[in-house]
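Worksheet: one structure, shown below.
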Amino acid sequence: MKKQLIMGACLLAAMPAWASGQVCGTSKNLASPFYMPQKNQWAAEVEGGMSRAKINPVKGWARDAEVGVEYGVTEDAEVFVTGGNAWTRKKELGVTEKEHHNENWSVGGKYNLFSGSFPILATVQYLQQRGHGVQGEGEYKALFADVKKDFCSCCQCDIDTYVGASIEVPVFQSSNSDNEPKYSGYAGIFRPWTQWLATDIRGIYSYDSEGSVSMPSVYGAVSVLPVESIAISLFAEQGIGGRAKNHTNVHAQEVGLNIKVQF
């Protein structure tokens, strides 16, 4: 049932256009979840965060940093590449394990399927993560796809609502990595209050087939744009009532900072 609900959200995001001729403008706002650089334009992004999770009897903490670059191929298409690392710590039954070299990178593209009055933004991405630790090296490789639909409440997009869904499917796995798909569905509200201040709030439901982990969560971000070409965003996500196998409670929180510059 959980998977059917998520796939239903995905189908909703991909329904045929019925809107009038109104045009949404948030794709030009650096803080928007629908942002795309224009043709022949570049954008760079730096993000760092801290997170923690608990699935009894395991507790985990992580610090991560990532850098990304995206380029507008056309007005409705872009390509991007990202790279970063995570510093993790796990504690189970009094034993602590640390990993400081968890390299990750990805390459992909975004395409606005229906430009103008009915934007549907599709993202396709190949990602790879490599971990080094006491259990040896492991490779995680996956294909990721996300589709989200923008519903403009008025022609100026004073309040911009959206829904979306994503799926991540592991491919070419090593024996040390999980091989189960991950799903998520979400709905949110993005609002540019002024030219220099914006907020993004969304509810998320995610499901990881590895361990049967389901996690409803709430995400929020506050962005300051000192100039049109720079966005500084503080974000946080809080899990609510997560569950795993055997009705085990799951707790998760994350906070971070994102800086994006277009040039």
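Taking the side chain as every heavy atom from C-beta outward, F34 and M36 never approach each other to under 4.5 Å. The closest side-chain heavy-atom distance from K110 to L121 is below 4.5 Å. In this structure, the side chains of S212 and Y207 come closer than 4.5 Å at one or more pairs of heavy atoms. Residues V147 and I120 form a side-chain contact, since some pair of their non-hydrogen atoms from C-beta on lies under 4.5 Å apart.
Transitive grouping of hydrophobic side chains (ILVMFWY, heavy atoms separated by less than 4.5 Å) brings V107 and V171 into a common cluster. Residues Y186 and F190 share a single hydrophobic cluster, defined by chaining ILVMFWY side chains whose heavy atoms lie under 4.5 Å apart. Put simply, V169 and Y183 are part of the same group of oily side chains (I, L, V, M, F, W, Y) that touch within less than 4.5 Å, one to the next.
Between the side chain of T161 and the main chain of F151, a donor-acceptor pair closer than 3.5 Å is present. Judged by distance alone, with hydrogens and angles left aside, the side-chain atoms of S32 form no donor-acceptor pair with the main-chain N or O of N29 at under 3.5 Å.
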Take D160 and R191, measure what side chain to side chain contact (heavy atoms under 4.5 Å, CB included) needs, and give me the verdict at the end. CA-CA 6 Å; D160 191 14; R191 178 161 187 175; over 6 Å; no
Can Q129 and E103 be said to form a side chain to side chain donor-acceptor pair (under 3.5 Å), step by step? CA-CA 6 Å; Q129 300 172 351; E103 300 95 350; over 6 Å; no
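With sequence neighbours left out, K54 forms a side chain to side chain donor-acceptor pair (under 3.5 Å) with no residue at all. Every residue two or more places apart in sequence or in another chain was checked for a side chain to side chain donor-acceptor pair (under 3.5 Å) with T96, and none qualifies. Scanning for side chain to side chain donor-acceptor pair (under 3.5 Å) contacts around D200 gives Y162, R202, with sequence neighbours left out.
Residue A142 comes nearest to E168 through the heavy atom pair CB-CG, 3.8 Å, listed as atom of the first residue, atom of the second, then distance. Counting all heavy atoms, side chain and backbone alike, F80 lies closest to V124 at CZ-O, 4.3 Å. Of all the heavy atoms in V213 and A244, the pair that sits closest is CG2-CB, 4.0 Å. In plain terms, the two heavy atoms of F144 and L127 that are nearest each other are CB-CD2, 4.0 Å. Across D76 and Y111, no two heavy atoms sit closer than the pair O-CD1, 3.1 Å. Nearest heavy-atom pair across E180 and S209 is CB-CB, 3.6 Å.
The existence of a salt bridge linking E97 and K90 is confirmed by a sub-4.0 Å separation between a basic side-chain nitrogen and an acidic carboxylate oxygen. Ion pairing between a basic and an acidic side chain is recognised when a charged N comes within 4.0 Å of a carboxylate O; D150 and K148 show no such pairing.
Distance check: T248 OG1 to R243 CZ gives 7.5 Å after rounding to the nearest 0.5 Å. The distance from the CG atom of N85 to the CD atom of E99 is 10.5 Å, given to the nearest 0.5 Å. In this structure, NZ on K39 lies 15.5 Å from CD on E78, to the nearest 0.5 angstrom.
In the model, N102 has no side-chain atom that pairs as donor or acceptor with a side-chain atom of Y140 under 3.5 Å. No side-chain N or O of R130 forms a donor-acceptor pair with one of N104 less than 3.5 Å apart.
For the side-chain hydrogen bond (donor to acceptor under 3.5 Å, both in side chains) condition, the pairs that include at least one residue of residues 61-73, sequence neighbours left out, are N40-Y71.
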Could you pull out every donor-acceptor pair under 3.5 Å between side chains of residues 215-239 and any protein atom, sequence neighbours left out?
| unit_1 | atom_1 | unit_2 | atom_2 | d |
| --- | --- | --- | --- | --- |
| S217 | OG | E237 | OE2 | 2.7 |
| S223 | OG | S233 | OG | 2.6 |

Just distance, no hydrogens or angles: give the donor-acceptor pairs under 3.5 Å from side chains in residues 250-263, sequence neighbours left out.
| unit_1 | atom_1 | unit_2 | atom_2 | d |
| --- | --- | --- | --- | --- |
| Q253 | OE1 | R52 | NE | 2.7 |
| N258 | ND2 | E45 | OE2 | 2.5 |
| N258 | ND2 | E47 | OE1 | 2.8 |
| Q262 | OE1 | Y35 | OH | 2.8 |

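Proximity of the aromatic rings of Y126 and W105 is defined here by a centroid distance below 6.0 angstrom, and this criterion is met.
With a 6.0 Å radius and a threshold of 12 heavy atoms from other residues, nucleotides or ligands, K182 has its NZ atom above the threshold.
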